[in-house]
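What follows is a single structure, written as structure tokens, with notes after it.
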Amino acid sequence: MATFEAGQFRIGLVGTQAQEMLFKPVFFDAEIEDIFETMVLVNNKQQIGYVGVMEDIMQLSGGCGWTPKGALGLFERCIEVDEIKVNLELCYDEFVGTVYKQKLKAGTQSSNLEGTIFMQILMTRMVQALRKQMLKVAFFGNKASVDDAVNITDGMWSVYIPQLVANNLIPYINSNSGTPLGAGDGIDLLSAVWENSTNVLSAVPEAQKVFLVSANVYRQYLQDLQNNGVSSAAHLTLLTDGAQRLSFNGIEVKPMYDWQQYADSYLNVQDANFVLYTERTNFVLGTDIANPINQAMAWHDMEEEKLKVKSRFYLGFNYKHSDLITVAY
């Protein structure tokens, strides 16, 4: 995060500076990169492609002549982005009379938060909020919604997956969402999704695939492993920072802890037993953060005695190929 020196009246981050200090920590955060491929030069519409597997290209030679055999399967979808703005403000009154007041400036400058730790706090929280909302709209966004928290783009669980299931384009497992999972249901659910996946997805190497699951599915699967005395070495990896990572048949099982809350809030589904099995680069975030005109600004408004931050960029979401998706919900 940028360091803001005392005495600055207005901070303008343009182009490369904006990318490094604001957009890069958002779009290239480890959690975001683990789920999405980010396209950084999209400011309207752009085609996203998937190159299918080429098979059965060998044939017996009957002598001279040219007899082509085999086809390269190319599939494309369109990712469309919309202009997004962020407007934030912070008033010094929130800190007067609290333990934080010692961090304010002295005298007549006490209302000026520029150059103080509060500017860094606001920018840090801005980055965190952007990451959180991007994950929300990518899976629960709906352009038809009147809720401005999610009408930024269409999302997988709210729009795309119901459409794909209704048209029988992806394998679907009824996970009895709305009903709490019981003993053994975690293993059974992942098994059903894995066994019913498409041949295209099954052929993808295990390291390139992931099970994205709601928190209750993750916890039930972990409990099932513990209750059954299954070797943790086969299904549980402790990372260097002490965090754990579960796997199923060599494929990472990644908990999406906010899905329960979002399913309740935006889909009216409690006990959301959600599983999304896919290839790791199948989901795409489109943005124009590499555009040199992108900017973020922070300044002190003397008249209103507030610290203000604003930014503008484009954002959209889509998936590449339905053959790389299997779901349970």
Side-chain angles (χ1 to χ4, degrees), residues 31 34-36 132 135-142 145 147 149-150 154-198 201-202 206 209-228 230 232 234-236 243-280 282-283 317 319 322-329:
E31 183 178 11
D34 198 37
I35 301 174
F36 306 102
K132 187 177 182 70
L135 286 168
K136 177 192 294 186
V137 299
F139 294 103
F140 295 90
N142 188 343
S145 174
D147 189 333
V150 293
D154 287 335
M156 290 304 299
W157 289 116
S158 50
V159 177
Y160 292 126
I161 287 175
Q163 291 175 348
L164 292 169
V165 171
N167 291 299
N168 296 315
L169 294 176
I170 61 174
Y172 159 68
I173 305 299
N174 184 352
S175 65
N176 294 315
S177 284
T179 303
L181 296 172
D185 287 344
I187 290 178
D188 290 345
L189 188 52
L190 291 177
S191 297
V193 172
W194 182 78
E195 291 169 358
N196 285 276
S197 63
T198 65
L201 183 56
S202 296
E206 278 69 18
K209 297 183 289 191
V210 65
F211 287 98
L212 301 177
V213 303
S214 52
N216 56 331
V217 174
Y218 183 82
R219 295 189 180 107
Q220 186 61 58
Y221 176 52
L222 177 59
Q223 187 178 43
D224 291 344
L225 293 177
Q226 294 169 340
N227 289 344
N228 293 334
V230 178
S232 62
H235 301 277
L236 177 62
Q244 66 182 16
R245 175 175 292 173
L246 285 178
S247 65
F248 178 84
N249 287 343
I251 303 161
E252 181 185 0
V253 179
K254 184 177 181 64
M256 305 296 288
Y257 289 110
D258 289 330
W259 279 8
Q260 292 285 81
Q261 171 192 343
Y262 297 152
D264 189 7
S265 299
Y266 302 111
L267 304 180
N268 196 28
V269 177
Q270 297 180 343
D271 293 309
N273 307 323
F274 286 6
V275 178
L276 204 172
Y277 178 33
T278 189
E279 196 264 345
R280 285 185 180 274
N282 194 32
F283 300 142
F317 168 81
Y319 63 91
S322 59
D323 281 351
L324 296 173
I325 299 172
T326 301
V327 299
Y329 63 95

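All residue numbers in this chain count up from 1 along the given sequence.
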Quick check: do [X] and [Y] have side-chain heavy atoms less than 4.5 Å from each other?
{"X": "Tyr266", "Y": "Trp157", "result": "no"}
{"X": "Phe211", "Y": "Leu246", "result": "no"}
{"X": "Asn176", "Y": "Asp185", "result": "no"}
{"X": "Asp258", "Y": "Lys136", "result": "no"}
{"X": "Lys254", "Y": "Ile35", "result": "yes"}
{"X": "Phe274", "Y": "Leu267", "result": "yes"}
{"X": "Ile325", "Y": "Leu201", "result": "no"}

If every non-hydrogen atom of [X] is compared with every non-hydrogen atom of [Y], which pair is closest and at what distance?
{"X": "Glu252", "Y": "Arg245", "answer": "OE2-NE, 3.2 Å"}
{"X": "Asp323", "Y": "Thr198", "answer": "O-OG1, 2.5 Å"}
{"X": "Val150", "Y": "Ser145", "answer": "CG2-OG, 3.8 Å"}
{"X": "Pro162", "Y": "Tyr329", "answer": "CA-OH, 4.1 Å"}

Classify the ring geometry of [X] against [Y]: parallel below 30°, tilted from 30° to 60°, perpendicular beyond 60°.
{"X": "Phe140", "Y": "Trp259", "result": "perpendicular"}
{"X": "Tyr221", "Y": "Phe248", "result": "perpendicular"}
{"X": "Phe317", "Y": "Tyr160", "result": "tilted"}

Check: [Y] main-chain N/O paired with [X] side-chain donor or acceptor under 3.5 Å:
{"X": "Asn167", "Y": "Leu169", "value": "no"}
{"X": "Ser158", "Y": "Gly141", "value": "yes"}
{"X": "Asp154", "Y": "Val159", "value": "no"}
{"X": "Asn282", "Y": "Tyr319", "value": "no"}
{"X": "Asn273", "Y": "Thr179", "value": "yes"}

| said: Test side chain to side chain contact (heavy atoms under 4.5 Å, CB included) on Phe283 and Met156; report intermediate values, then the result. | reply: CA-CA 9 Å; Phe283 300 142; Met156 290 304 299; 3.9 Å; yes
| field | Matching residue for Tyr277 among Ile251, Val253, Leu324 - test: side-chain contact (heavy atoms from CB on, under 4.5 Å) | value |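 The residue from Ile251, Val253, Leu324 that satisfies side-chain contact (heavy atoms from CB on, under 4.5 Å) with Tyr277 turns out to be Ile251.
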| query | Name the one of Val193, Leu189, Val275, Asp271 that satisfies side-chain contact (heavy atoms from CB on, under 4.5 Å) with Ser175? | reply |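 Considering Val193, Leu189, Val275, Asp271, a side-chain contact (heavy atoms from CB on, under 4.5 Å) with Ser175 is found only for Leu189.
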| Are Phe139 and Tyr262 close enough that their ring centers fall under 6.0 Å? |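 That pair fails the under 6.0 Å test.
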| Whether over 12 other heavy atoms sit under 6.0 Å from Glu206 CD |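 Yes, CD of Glu206 has more than 12 neighbouring heavy atoms, counting only those of other groups under 6.0 Å.
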| task | Return yes when atom CG of Asn268 has more than 12 non-hydrogen atoms of other residues, nucleotides or ligands closer than 6.0 Å, and no otherwise. | result |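 Incorrect, the count does not exceed 12.
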| Can a donor-acceptor pair be found between the side chains of Asn216 and Ser214 at a distance below 3.5 Å? |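 Per modelled atom types, Asn216 and Ser214 side chains form a pair under 3.5 Å.
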| message | Could you check whether Gln260 and Asp264, counting side-chain N and O atoms only, form a donor-acceptor pair closer than 3.5 Å? | response |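 No.
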